[in-house]
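Quick caveat, the model's predicted, so the values are computed rather than measured. We name chains A, B, ... by the order of the sequence lines, and we start the count at 1 in each one.
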Amino acid sequence: MDYKKRNGGPFVGGASQAKRGKTAGEWEDSPSQFEEELSMFDEAEMDAEEMEGQAGHDVIPVGDLFSADLNPRWRRPLAPSLDPSSDTLVFQQIDLDYYLVAGMPGQLQGKVPIIRMFGVTDSGNSVCCHVHGFAPYFYVPAPSGFTSSHLGEFKKELNSAVLKDMRSNKDNISVTVLAVDITRKENMYGYHGKRSHDFLRITMAMPRLIAPAKRLLEQGFKFAHFPIQGYQPYEANIDFEIRFMVDSDVVGCCWIELPKGTYKVTLCQYEVDVGWTDLISHPAEGDWQRIAPLRVLSFDIECAGRKGIFPEADKDPVIQIASMVQRQGETEPFIRTVFTLQSCASIVGSQILCFTQEKQLLQSWAEFLRTVDPDIITGYNIQNFDFPYLLNRAAALKVNLFPYLGRVRGIKSVLRDLNFQSKQMGRRENKTVNMEGRVQFDLLQVLLRDYKLRSYTLNAVSYHFLQEQKEDVQHSIITDLQNGNEQTRRRLAVYCLKDAYLPLRLLQKLMCVINYMEMARVTGVPLTYLLSRGQQIKVVSQLLRQAMKQNLVMPVVKTEGGEDYTGATVIEPEKGYYSVPIATLDFSSLYPSIMMAHNLCYTTLLQKGSVEKQGLSPEDFIKTPTGDMFVKSSVRKGLLPEILENLLSARKRAKTELKKETDPFKRQVLDGRQLALKISANSVYGFTGAQVGKLPCLEISQSVTGFGRQMIEQTKQLVESKYTISNGYQGDAKVIYGDTDSVMVKLGVGTVREAMDIGKEAAEWVSSHFTPPIKLEFEKVYYPYLLINKKRYAGLYFSSSADTHEKMDCKGIETVRRDNCPLVANLINTCLQRILIDKDPQGAVAHAKEVISDLLCNRIDISQLVITKELTRTAQEYAGKQAHVELAERTRSMCWRTPFPSTHNTTWSSSCLSLSKQRVSCSVSSNPNTS
DNA sequence: ATGAAATCCTAT
DNA sequence: TGAGATAGGATTTCAT
């Protein structure tokens, strides 16, 4: 039930320590390791391919003009010609949007939406596929007495109401409602005896007309002789892209086939048109799990800022842009270039293009991007810095051909501010740049979403994941390097290249592309949604797909924050130091398995009075611990349990396939898949409890936690009742702690081996008391174990072997918290090691005293105390604020308190852990004068 | 001085 | 116009 990957341990914090700056003159001495790496690429290519008169390390002085023809390798492979009447076209779709065009013949002056899918074929050719004929729609229940004879009147009245509602009608639309049909559907919210009703399916001309039509019908609508009434809308809040994907069974990043004779080619590298019912979507199974050779571009820019001032696009020039391009699945970038302002000495393994005018540099780089035609663009903080800066700079210099960065000719890329806020991530101001057909994969955003780190600077992150760092160039000297000679500019170019290279390496190491693609495939949403939207859309997408099979429709609910509901139980800990093995038993996937075991779903919920109304007998339904009622699966199987079963069985399949698979690339895909499936299963519960959400249902979420509370209590009692001396066991078992889905048990045995054996037996025995698929599993043994408080403990972790511990596991203690400086984390960590590993509490106390005394006597270099109190603050470095660290207060009160009741007055007693009370506090202040 | 409320970040 | 959940410890800030 953890939602986020964790930072490995306390010591990676050192990553934020930059190498000491080199002094001037040291630059030219010896090539850096990175330069050697670059030159290796060059050699590899010299061997691999005949040089096409285009050396990899050329310096090209492009004085005025620039031509993509100079660089044949930038282009995509030549596209074999395609005959729509005899060839099928198969491609992997990676992005999807829609646009409006002047309407079909017969429809005056209106506009219709066309879905546009972008993708890549197996041979690496790009595809832009226009999907015609799909229109947005929503549902309302048909009023009583409604027959097909009323359709015309309803449509006419709604159409004129929507027209009247429009403030202006610039497009001169005359038809807003395209069609109204009667269809049998059932509301998915609540069990009503499987009775379907007449619904009106209202098809609108454009996606943006859905909202006004919905509002008008909701507020009260009158037509023909029917009385004025409000209509409950259904599925009127579904993004058009999702609507299309659900209806045509397309999932994110799946392969699409256009059979021969169904499409036509209109333009260049496979720009095709097809009807929406003609395209074939392949489920991501077997061969269709593969990934096309996507082009991934990573880039970084350098600006010549003024001393101490963060670069401003209207004043400070862009002086270099480094780019690296790699095909997904390959290990090295095949394009490595730097565009520089003024001359620059050559760098083996990369191509340098020098410009005398900044305007030409910018325009040429845009041309370069369009030529390379990347499917995915990455970099570090490109979303909030590089792209906005480039666009603003191009606007300031009036480089009019610059801001066309997408794959659709003529669409200008514009900068917009976007406010994104969620309870999870707080309020975050973001910028966006539209780039049709390309997925922007800003590595900083990925890391902020998926990893909890102490620092998010590129340097720290690279060190953490790659044990590698940036080239050593201080921001403050960039302008000086630019104003020097071609050697100093070369130094800058190497730095810039590395900043483009590191994101590429990280993307590969963390398998971001694969993992995100698998998530898109599993949940059915476009790749871009995964980075720009929250968790809910993924559940909505799955829910709609499952609902459609059963003719169920999803209501639009008004979002209204209500009362919080009760969550999980945390068993009161028996605090203390345990020098005996403690077994830990966990319910695996607790919340998903509760929902499956008890068939909890919107479609099975019995609302007030339903039992009587449906005439249900007590065997037909259950009453949950919170008093809510749901029908059993024998009456109707819920959608959510179905979704969860699919996810978990698919995960099991992926894991068995993973065991068999030997190809490393396919293994990565499978591993990404099983991870995506697990995360997806865990987010279903959160969706039902999200009170400001698309379809909250507190009856479900509070029942889930209610069952959970009951189960953990029962588990405690079962274990303590069976494993007793009177039942022939070595000791009386005692549950000393438990949180949500786990219990820590002192079994009264002396060895890890025994604790494991009894633990396994106990888990199995307890499981038999619960409804499948609920399952309690033995997970690990802690020996010894230090239980400080609720959600705060540490212990040596045994699971695979009874002989050696795998790690020292710390939960909730300062060592894992990022709001402490590393000094405190290190101190506590050392103390814990003394206590748990060396079994020497006096040693721990001695160490703590020593550190404190060193601190008080100024024997500790306070530059060690680089802290990142919160990640937003680190992120601010990108907004230009230099974090200046100072030691505000050396220690607080030096009191030593006894943390445990005197019953535990063992040698442990005066625990060093009380040091957390006197932790060193550092304050971070903004000081622009600091270099 | 003292306690309540707000803030932060973790556990699950 | 888009946002997963609650429990809970430790510390800081604010009000009295």
Chemist: Please give, in whole Å, the distance from C:dG4 C1' to A:Gln542 CD?
Modeler: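 About 13 Å, once rounded to whole Å.
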Chemist: Hey, does the side chain of A:Tyr793 come within less than 4.0 Å of B:dT12's phosphate (OP1/OP2), counting only N and O?
Modeler: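 A:Tyr793 to B:dT12 OP1/OP2: side-chain N or O found under 4.0 Å.
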Chemist: What is the separation between atom CG on A:Asp741 and atom C1' on C:dA5, rounded to the nearest whole Å?
Modeler: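 It is 14 Å, rounded to the nearest whole Å.
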Chemist: Inspect the contact between A:Asp739 and A:Lys790 and indicate whether a charged nitrogen and a carboxylate oxygen are less than 4.0 angstrom apart.
Modeler: no
Chemist: Between C:dA5 atom P and A:Met595 atom CE, what is the distance in whole Å?
Modeler: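 In whole Å, C:dA5 P lies 14 Å from A:Met595 CE.
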Chemist: Give me the distance, rounded to whole Å, that separates B:dT12 from C:dG4 when you measure between the P atoms they each carry.
Modeler: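 To the nearest whole Å, 23 Å.
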Chemist: For A:Leu530 and C:dA3, what is the distance between atoms CG and C1' respectively, to the nearest whole Å?
Modeler: 16 Å
Chemist: Report yes or no: does A:Tyr451 contribute a side-chain atom to a donor-acceptor pair with the main-chain N or O of A:Leu448 at less than 3.5 Å?
Modeler: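 Checking the backbone N and O of A:Leu448 against the side chain of A:Tyr451, no donor-acceptor pair under 3.5 Å is found.
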Chemist: Please check: side-chain N/O of A:Ser742 versus main-chain N/O of A:Gly738, any donor-acceptor pairing under 3.5 Å?
Modeler: no
Chemist: How many Å lie between CD on A:Gln535 and C1' on C:dG4, as a whole number?
Modeler: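 Taking atom C1' of C:dG4 as the reference, CD of A:Gln535 is at 6 Å.
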Chemist: Just how far, in rounded Å, is P of B:dT10 from CG of A:Leu453?
Modeler: 11 Å
Chemist: What's the closest nucleotide to the A:Lys452 side chain, out of C:dG2, C:dG4, B:dT10?
Modeler: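 So the nucleotide nearest the side chain must be B:dT10.
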Chemist: Would you kindly give the OH-to-P distance between A:Tyr591 and C:dA5, to the nearest whole Å?
Modeler: 13 Å
Chemist: For A:Phe630, which residues count as a ring pair (Phe, Tyr, Trp, His ring centres under 6.0 Å) partner, sequence neighbours excluded?
Modeler: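 Per chain and number, A:Phe630 pairs via ring pair (Phe, Tyr, Trp, His ring centres under 6.0 Å) with no residue.
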Chemist: One thing to verify: whether A:Glu218 and A:Arg215 come together as a salt bridge, which I'm taking to mean a side-chain N less than 4.0 angstrom from a carboxylate O.
Modeler: no
Chemist: From B:dA11, C:dA3, C:dG4, pick the nucleotide closest to the side chain of A:Asp739?
Modeler: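 Given the options B:dA11, C:dA3, C:dG4, the side chain of A:Asp739 is closest to B:dA11.
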Chemist: Taking the nucleotide of DNA chain C with the closest heavy atom to each, which residue, A:Thr705 or A:Asp239, is nearer the 5' end?
Modeler: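 Looking at the nearest nucleotide for each, A:Asp239 comes out on the 5' side.
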Chemist: Between protein and nucleotides 7-9 of chain C, what N or O pairs are separated by less than 3.5 Å?
Modeler:
residue: C:dA7; atom: OP1; partner: A:Gly567; partner atom: N; Å: 2.9
residue: C:dG8; atom: OP1; partner: A:Lys790; partner atom: NZ; Å: 3.1
residue: C:dG9; atom: N2; partner: A:Arg817; partner atom: NH2; Å: 3.2

Chemist: Does a side-chain N or O from A:Lys538 land closer than 4.0 Å to OP1 or OP2 of C:dG4, or not?
Modeler: no
Chemist: Checking A:Glu777 now: which residues fulfil salt bridge (Lys or Arg N to Asp or Glu O under 4.0 Å) with it, not counting sequence neighbours?
Modeler: A:Lys775
Chemist: Let me know the distance between CG of A:Asp417 and P of C:dT1, rounded to the nearest Å.
Modeler: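 Taking atom P of C:dT1 as the reference, CG of A:Asp417 is at 13 Å.
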Chemist: Taking 4.0 Å as the cut-off, does a side-chain nitrogen or oxygen of A:Arg818 come that near to OP1 or OP2 on B:dT10?
Modeler: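 Affirmative; the distance criterion is met.
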Chemist: Is any side-chain N of the basic residue among A:Glu814 and A:Arg792 closer than 4.0 Å to the acidic one's carboxylate O?
Modeler: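 Salt bridge between A:Glu814 and A:Arg792, a charged N being under 4.0 Å from a carboxylate O: yes.
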